[in-house]
2 protein chains.
Amino acid sequence: MPGGLRRSKLLPEPTVARLPIYQRLAEELARRGRDTISSEDLGRLAGVSAATVRRDLSSIGRLGTRGSGYDTADVARRVTELLGGHAEHPTVIAGIGNLARALINSPLFNGFPSKVVALYDVDPTIVGTSVSGLEVRRLSEEDVTRFEVPPAIGVLTCPASAAQDVADGFCELGIRALMSFSPRVLEVPLDVTVRYVDVTIELQILSYHLEHGRGPLNGGLLHTLGRSPLQVGARP
Amino acid sequence: MPGGLRRSKLLPEPTVARLPIYQRLAEELARRGRDTISSEDLGRLAGVSAATVRRDLSSIGRLGTRGSGYDTADVARRVTELLGGHAEHPTVIAGIGNLARALINSPLFNGFPSKVVALYDVDPTIVGTSVSGLEVRRLSEEDVTRFEVPPAIGVLTCPASAAQDVADGFCELGIRALMSFSPRVLEVPLDVTVRYVDVTIELQILSYHLEHGRGPLNGGLLHTLGRSPLQVGARP
DNA sequence: ACATGTGAAAGAGTTCACAGCC
DNA sequence: GGCTGTGAACTCTTTCACATGT
């Protein structure tokens, strides 16, 4: 087993959600030739407090230098490594509608953390067709041994009514990470991680805030970004 | 001013994120003829603890009956009301690519909490064309007075590089609720709510858990659903 | 009996504030 | 002087446990 500190102390979930933001910013800064950045500046860019940045980054090791700040390239590298390096996890998608097609063609889904390797549907007019070079198959007829590397991530873009069955099928294939766009809570074994991307709920939350005003919270979003009251004022 | 308890005591954000789930479940149960449900059963369906269900529901009023549980139709109605009733907030979308097209055609975006009323892009080959019956315009040339009812929700499906400009443009139109699919933290005035839907971050979070295992957390998802360790075991 | 509503306790995460190092 | 790393305080949520009501 290579690497060093695998299974260190398990980071707090909100920290895990913020790390990709730091990584993205640090990478961009490094690319632009900026070598170091203070927790205060990085916090401003990420929309969180300087204290949170320091706590987050110190939780994955000592990577700052007192007096000058964090090395941008270093932060980008260390965080990337912690988040699974440059692995391209084999990813499968079930429910090949417009959303799935949009995702498949997005560079976000084909490169860094994931790479689409199989597509599933049940509609006979879709099964057998080819989308972006991949044949659409039936999940129920899939055979895990067909894969060189077994799929690691399963994406659900199917109707809510089919979501639980698809989730079951994914779990049976040995997939332990799911991302669901279906408006439904899934039951999965304890070792499976599920991330929900539920546009309906997001809209309802926005609707609530339109009606009742905003709490003193930050964007309060998607990724549990933070509760900080730090929300920059309108731009000049 | 109609209604009753506007601006009651501002609910905790995690509660706001869970209410749509209860609403959805309660509605479904009522439709199927189930009149009441206990906090324990509702919690199981929603993936949270019974105590959390009770705390959440009691925070919006007294809607349970001791001894028998919650009236499903009642829960559905009260929560819907709190989340903005059946209002269809006029919604605009900037960045008309595959994702936007998928959203526009989705029933989720055209009906209950939102209704798409305008589309924007900057690509000259797209501006002027019609998508699902709406002409694509330039945000920079938009005139608020054109709208009968001013837009309330702005959706960003544009490249990250354009996101901040679009957000500024939206804010200038008077929009106070944004939903961004662009991988970038936005600066907005304090009275504007932003919800991020960042697929890249979600994938990186999954990647992290594939590498380091799951904490004892729930799906831990998107909408700050909950931190409960209540994750049902594999289905039979 | 049974199940809600809610004080009180526990747990999680964030912010403060400063010692320690560059 | 400037900025990180971190114990301690604080705030926000969840869970416990039981009084209360049907």
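Atoms considered below: every heavy atom in the structure, side chains included; atoms not considered: hydrogens, waters and symmetry mates. Chain A is the first sequence line, chain B the second, and so forth, proteins listed ahead of strands; every chain is numbered from 1.
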Looking only at heavy atoms, what is the nearest atom pair of A:Ser182 and A:Cys158, with distance?
OG-O, 2.7 Å
Divergence of helical axes at both termini of the helix from C:dA1-D:dT22 to C:dC22-D:dG1 - five pairs an end, 10° steps
0°
May I have the distance from A:Glu40 (atom CD) to D:dG2 (atom P), rounded to whole angstrom?
12 Å
Roughly, in whole Å, what's the span from CD1 in B:Ile60 to P in C:dT4?
14 Å
From CG of B:Asp74 over to P of C:dT4, roughly how many Å is that when rounded to an integer?
14 Å
Side chains of B:Thr65 and B:Tyr70 in contact at under 4.5 Å (non-hydrogen atoms):
no
For the base of D:dT6, is there a side-chain donor-acceptor partner from A:Arg55 under 3.5 Å away?
no
Of D:dT15, C:dG13, C:dA3, the nucleotide closest to the side chain of A:Pro14 is C:dG13
Nearest-Å distance, CG (A:Leu19) to P (C:dG13)?
13 Å
Partners passing salt bridge (Lys or Arg N to Asp or Glu O under 4.0 Å) against A:Arg66 (at least two apart in sequence or in another chain)
none
Excluding sequence neighbours, so at least two apart, what forms side chain to side chain contact (heavy atoms under 4.5 Å, CB included) with B:Ala76?
B:Ala26, B:Glu27
At less than 4.0 Å, is any side-chain N or O atom of A:Ser49 found next to OP1 or OP2 of C:dT15? Yes or no.
yes
Contacts of type salt bridge (Lys or Arg N to Asp or Glu O under 4.0 Å), residue B:Arg54, not counting sequence neighbours
none
Is the distance from OP1 or OP2 of C:dT14 to the nearest side-chain N or O of A:Arg18 less than 4.0 Å?
yes
Check this for me: does the side-chain of A:Arg62 come within 3.5 Å of the base of D:dT4 through a donor and an acceptor?
no
Applying salt bridge (Lys or Arg N to Asp or Glu O under 4.0 Å), name anything that partners A:Glu172, two or more places apart in sequence or on another chain.
none
Under 4.0 Å: is that the gap between some side-chain N or O of A:Ser39 and OP1 or OP2 of D:dC3?
no
Between atom CG in A:Leu11 and atom C1' in C:dG13, what is the gap in whole Å?
13 Å
May I have the distance from A:Asp56 (atom CG) to C:dT14 (atom C1'), rounded to whole angstrom?
10 Å
Strand-adjacent residues in residues 63-73 of chain A, judged by heavy atoms under 4.0 Å from DNA chain C:
A:Thr65, A:Arg66
Over how many whole Å does the gap from A:Ile37 atom CD1 to D:dG2 atom C1' extend?
15 Å
Distance, rounded to the nearest Å, where A:Arg54 contributes CZ and C:dC16 contributes P
10 Å
Residues at least two apart in sequence or cross-chain that pass ring-ring contact (aromatic ring centres under 6.0 Å, His included) with B:Phe112, listed by chain then number, are B:His86
Got a sec, which residues hit side chain to side chain contact (heavy atoms under 4.5 Å, CB included) with B:Leu25, two or more places apart in sequence or on another chain?
B:Ile21, B:Leu42, B:Leu45, B:Ala46
Residues forming a salt bridge (Lys or Arg N to Asp or Glu O under 4.0 Å) with B:Arg62, sequence neighbours excluded:
none
